[in-house]
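Structure, as structure tokens:
Along the sequence shown, residues are numbered consecutively beginning with 1. Each ligand, and each atom within it, is numbered from 1 in the order the structure gives.
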Amino acid sequence: MEFNLLPGGTITGEVRVPGDKSISHRSIMLGALAEGTTRVSGFLEGDDALATVAAFRAMGVEIEGPHAGQVTIHGVGLHGLQAPHDELDLGNSGTSIRLLSGLLAGQAFDSVLTGDASLCGRPMGRVIDPLSLMGAQLSAAEGGRPPLRVKGGQALQGIHYDLPMASAQVKSCVLLAGLYSQGRTSVTEPAPTRDHTERMLRGFGYPVQNDNGVISLQGGGRLQAADIDVPADISSATFLLVAASIAPGSDLLLTHVGINPTRIGVLNILKLMGADITLRNEREVGGEPVADIRVRHAPLHGIEIPEDQVPLAIDEFPALFIAAACAQGRTVLRGAEELRVKESDRIAAMAEGLTTLGIANEILDDGIIIDGGTLGGGVIHTFHDHRIAMSFAVAALRAQQEIRVLDCDHVATSFPGFDALTRGLGLQISTVAG
Ligand code: S3P
């Protein structure tokens with residue numbers, strides 16, 4: 001599928017974007033391992049979250065839905081999973097494979113985790129290393145890539161792990177293996193990352209401590225089913241925050257958006273660039289903070305992005321680069337080497353597309369320099385990465401000519417219905433099979 005975009009437009013209206021991907025994954029995982037029935041609403045019906053649903057079904061968990069965002073999970077308890085008959089195919093989903101590797105390391109049975117070409121190019125050494133220290137037996141293909149083969153029946157031992165990179169997936173992997181370990185498992189991270197695993201574990205009645213940044217839990221407890229209301233994904237809302245900010249005349253209300261403090265780097269960065277963003281109706285829903293976000297067009301200016309915001313906005317940089325391209329002056333990002341190992345090398349992929357549109361940029365090892373300017377038009381390669389596709393779609397609002405975005409099928413991993421939803425708000429987008 002391709003996106004064709006006519007230049008210009010204004011973004012107006014009120015909308016709730018699909019559910020949070022990180023929270024949707026975790027709701028299935030913890031719901032499956034809990035005792036009792038977990039009801040989830042607002043679940044993301046995207047391919048990534050559905051891959052997690054399919055994996056747990058393959059391990060014998062009865063899951064009803066999703067129907068209009070409602071999922072019912074009949075939990076089997078921490079020791080109730082059954083050996084899958086086949087490899088678990090996790091599609092494009094890094095969160096599924098990394099979190100599941102921790103869970104499966106503690107099972108009595110063997111399993112094999114694999115995925116699509118993009119996932120099979122992503123590094124798994126980062127989960128193999130701590131899990132091996134805990135006594136797990138798992139191996140990857142060449143270069144530490146999937147498929148991951150997990151040997152069950154190992155007695156895991158709690159460890160302290162000092163994360164070498166800011167990664168919520170690795171943190172969560174270790175904590176989930178910790179549920180099955182003897183004694184205490186603790187982690188420290190170089191910078192705070194999304195804490196949905198810790199929050200949801202507590203919501204399921206499993207104590208998780210955070211003592212001055214040392215996050216820990218005791219193995220051998222139990223999870224009690226709990227209902228979950230998944231907020232709208234701030235990472236998906238980001239495309240619209242940028243769209244409305246850059247398109248003159250825009251005024252948009254995004255409702256029920258998750259504003260967990262570990263996820264709001266995009267709001268902080270856009271505000272530093274001069275964006276007109278206000279939060280209303282702040283409330284807490286099932287242990288996660290939520291708000292309605294109003295965003296109106298405002299002239300943006302380039303900034304040096306504070307490095308402490310990088311882990312808090314890690315999935316939002318492709319869209320933020322479009323904001324930078326439309327801003328007056330220079331934007332500099334450093335300390336973001338993790339962007340190179342996402343669904344694509346997001347620094348290289350964005351730099352290529354920005355160059356196509358006539359935006360001067362310089363690639364750094366750990367970031368990029370972007371000089372704001374006038375966007376032309378052209379053909380964009382997404383490298384099969386959903387966030388690259390959606391970023392260049394919204395760029396059309398400020399382009400001089402048409403933009404054609406190739407290979408957009410992966411948009412459905414995180415934001416199913418992106419084209420219809422954004423068309424309804426004023427983006428001049430059409431889809432073409434291809
Ligand atoms: C996620 C963590 C982040 C993020 C990903 C979702 C999670 O990955 O990029 O989209 O749900 O834990 P890393 O842990 O690799 O930073």
Practice task
Report the part of H25 in contact with ligand 1, treating N, CA, C, O as backbone and CB onward as side chain, heavy atoms under 4.0 Å; options are side chain, backbone, both, neither.
Solution key: neither
Exercise for the section: Please report which non-hydrogen protein atom sits nearest to atom 6 (C) of ligand 1, along with the residue it belongs to and the distance in Å to one decimal place. Expected result: T95 OG1, 3.3 Å
Handout entry: Enumerated ligand 1 atoms positioned under 4.0 Å from heavy atoms of K21
Key = 10 (O)
Problem - Any N/O pair S22/ligand 1 closer than 3.5 Å - result: yes
Fill in the blank from the handout: Only residue of T188, D195, T197, T193 satisfying side-chain hydrogen bond (donor to acceptor under 3.5 Å, both in side chains) with K171 is T193
Problem - Those residues that, when tested against F3, pass ring pair (Phe, Tyr, Trp, His ring centres under 6.0 Å) (two or more places apart) - result: F418
Problem - Min N/O separation L99 to ligand 1 under 3.5 Å - result: no
Practice task
Would you check whether R26 reaches within less than 4.0 Å of ligand 1, judged by its heavy atoms?
Solution key: yes
Problem - Numbering as shown, the atoms of ligand 1 that approach S167 to under 4.0 Å (heavy-atom distance) - result: 13 (P), 14 (O), 15 (O), 16 (O)
Exercise for the section: Using distance alone, with no hydrogens and no angle criterion, decide if R26 and S172 have a side-chain donor and acceptor under 3.5 Å apart. Expected result: yes
Completion exercise
Check: of M165, R126, K342, min heavy-atom distance to atom 3 (C) of ligand 1 comes from K342
Handout entry: Per-residue contact class, H196 against ligand 1 - non-hydrogen pairs under 4.0 Å
Key = neither
Problem - Salt bridge flag under 4.0 Å for residues R194 and D315 - result: yes
Problem - Distance-only side-chain donor-acceptor flag, D48 / S414, under 3.5 Å - result: no
Exercise for the section: Before accepting this row, confirm whether a basic side-chain N of the pair E343/R387 lies closer than 4.0 Å to the acidic partner's carboxylate O. Expected result: no
Exercise for the section: Look only at interatomic distance and state if D315 has a nitrogen or oxygen under 3.5 Å from any nitrogen or oxygen of ligand 1. Expected result: yes
Handout entry: Exercise: do D47 and T413 side chains pair donor with acceptor under 3.5 Å
Key = no
